Amino acid sequence: TPALQLEQQISTRSKTESIWVLILSNFTNSKLTCEQDELELYQQICKEHVTPGGTVLIKKHAGTAATFVTQLLQRLDHYNAEKLPDSLDCLPIEFLGQILTSCNIISVSSASALLSLLPAPNLIHALTAENIQAFFKPAYKNYMTLANEKILQQSKHTSPVLHHKPIKN
C-alpha cells in the first residue's frame, strides 16, 4: 500500500538522519490553551528534545487545522520540519510500527501511556509541569498537571522522558 511504502521510506531515512515525530494534541480545540500558546509549547518542546537541524515530522491530530500546522512549520525554522503525508497522518500512530521503532517519538498526551506498551524505544513524553504552567490557561493548569501525572503513572515508566536516547547526527 502507499502508506506502507511511505512508512518504509521514513524508516530508511532514519538510518542516515535523526528523525523526530512530533505527535500533536488538540489543546487549542479543547480550550485548554490558545493557539499561540500551543504553537509556543511545541516550539519549546522541540528546543528541549530535537537537535538543531534534525528532521521533525509533524503528526497532526485529527482536530488540528491545516493552518495551525502551517504556522508550526514556519516556527520550526531551526529544523528540517515537514508534515507527515496525509496517507500516514490519518492513521493512528500505533499503526505505524516501523516509524515507532526507528524514529524518536515525541508525545504530549495520553498517547504516551499507550505507546509505552508498544515497541517504541525512543519515546519521549515531553509535556512537563513547567510546560503546563507556561502554556496552559490558568483555569486548567491544575487539571492538566493531574492528568499529566496520571499519564506518567499509567505508562510503563514514571520518568517524564520515556526511553529517551538522543540520536546524534
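Computed from a predicted model, the values in this text were never measured in an experiment.
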Give the table of side-chain donor-acceptor pairs shorter than 3.5 Å for residues 85-98, with sequence neighbours excluded, one pair per line with atom names and distance.
{"residue": "Asp86", "atom": "OD1", "partner": "Lys83", "partner atom": "NZ", "Å": "2.7"}
{"residue": "Asp89", "atom": "OD1", "partner": "Lys60", "partner atom": "N", "Å": "2.9"}
{"residue": "Asp89", "atom": "OD2", "partner": "Lys83", "partner atom": "NZ", "Å": "2.9"}

Task: Gap between atom CG of Asn148 and atom CZ of Phe136 - 0.5 Å precision - done: 8.5 Å
Open item on the list: Quick one, Leu100 and Leu118 - any side-chain contact, counting heavy atoms below 4.5 Å?
Closed with: yes
- [ ] Check Asn29 against Thr64 and note the closest heavy-atom contact, atom names and distance.
- [x] ND2-N, 4.2 Å
Open item on the list: Assess the residue pair Asn131 and Thr128 against the criterion (side chain to side chain contact (heavy atoms under 4.5 Å, CB included)); give the C-alpha distance rounded to whole Å, side-chain angles, the decisive distance to 0.1 Å, and a yes or no.
Closed with: CA-CA 5 Å; Asn131 294 145; Thr128 64; 3.0 Å; yes
Task: Heavy-atom closest pair, residues Ala113 and Ser155 - done: CA-OG, 3.4 Å
TODO: Grab the two heavy atoms, one from Ile45 and one from Ala126, that are nearest each other, plus how far apart they are.
DONE: CG2-CB, 3.6 Å
Open item on the list: Closer than 3.5 angstrom, by distance alone: can the side chain of Ser11 be matched with the main-chain N or O of Ser102 as a donor-acceptor pair?
Closed with: no
Open item on the list: Please enumerate all residues that pass salt bridge (charged side-chain N to carboxylate O under 4.0 Å, His left out) together with Arg75, with sequence neighbours excluded.
Closed with: none
Open item on the list: When you compare the side chain of Asn122 with that of Cys103, does any pair of heavy atoms fall below 4.5 Å?
Closed with: no
Open item on the list: Could you measure the distance from the NE2 atom of His78 to the SG atom of Cys46? Nearest 0.5 Å is fine.
Closed with: 11.5 Å
Task: Flag for Gln44-Glu48: side-chain donor and acceptor within less than 3.5 Å - done: yes
Open item on the list: For Ile105 and Trp20: C-alpha separation, side-chain torsions, deciding distance, then whether side chain to side chain contact (heavy atoms under 4.5 Å, CB included) applies.
Closed with: CA-CA 6 Å; Ile105 307 297; Trp20 286 261; over 6 Å; no
Task: Sequence-distant partners of Tyr42, ring pair (Phe, Tyr, Trp, His ring centres under 6.0 Å), two or more places apart - done: none
Open item on the list: Let me check something: do Leu4 and Leu84 share a hydrophobic cluster, defined by ILVMFWY side-chain heavy atoms less than 4.5 Å apart, either directly or through other members?
Closed with: no
Open item on the list: When you measure from the side chain of Thr51 to the backbone of Gly54, do you find a donor-acceptor pair of N or O atoms at a distance under 3.5 Å?
Closed with: no
- [ ] Taking the side chain as every heavy atom from C-beta outward, state whether Ile19 and Leu57 have any pair of such atoms under 4.5 Å apart.
- [x] yes
Task: Ser107-Ser112 side chain donor-acceptor pair, cut-off 3.5 Å - done: yes
Task: Counterpart residues, side-chain contact (heavy atoms from CB on, under 4.5 Å), relative to Ser30 (two or more places apart) - done: Asn26, Leu32
Task: CG on Leu127 to NE2 on His125, rounded to 0.5 Å - done: 5.0 Å
Open item on the list: Ignoring hydrogens, what is the shortest heavy-atom contact between Ser110 and Ile151? Give both atom names and the distance.
Closed with: N-CD1, 3.5 Å
Residues 137-145, side-chain donor-acceptor partners within the protein, below 3.5 Å, at least two apart:
{"residue": "Lys141", "atom": "NZ", "partner": "Gln133", "partner atom": "O", "Å": "2.7"}
{"residue": "Thr145", "atom": "OG1", "partner": "Lys141", "partner atom": "O", "Å": "2.8"}

- [ ] May I ask you to check whether Thr28 and Glu38 show a side-chain donor-acceptor distance below 3.5 Å?
- [x] yes
Open item on the list: Within this structure, what is the CZ-NE2 distance for the pair Phe68 and His61, rounded to the nearest 0.5 Å?
Closed with: 11.5 Å
Open item on the list: Which residues pass the ring pair (Phe, Tyr, Trp, His ring centres under 6.0 Å) test with Tyr79, not counting sequence neighbours?
Closed with: none
Open item on the list: Is there a continuous path of hydrophobic side-chain contacts, each under 4.5 Å between heavy atoms, that joins Leu114 to Leu22?
Closed with: no
Open item on the list: Working note: Leu152 + Glu149, criterion side chain to side chain contact (heavy atoms under 4.5 Å, CB included); need CA distance, chi angles, decisive distance, verdict.
Closed with: CA-CA 5 Å; Leu152 291 170; Glu149 288 171 2; 5.7 Å; no
- [ ] Mark yes or no for whether Asn80, through its side chain, and Gly53, through its backbone, hold a donor-acceptor pair below 3.5 Å.
- [x] no
TODO: Measure the CG-CD1 distance between Leu72 and Ile58 for me, rounded to the nearest 0.5 Å.
DONE: 4.5 Å
Task: Short side-chain donor-acceptor distance under 3.5 Å, Thr55 and Glu17 - done: yes
Open item on the list: Quick check: closest heavy atoms across Ala81 and Leu76, and the distance to 0.1 Å?
Closed with: CB-CB, 3.8 Å
TODO: Kindly compute the distance separating CG (Asn104) from CD1 (Ile99), expressed to the nearest 0.5 Å.
DONE: 12.5 Å
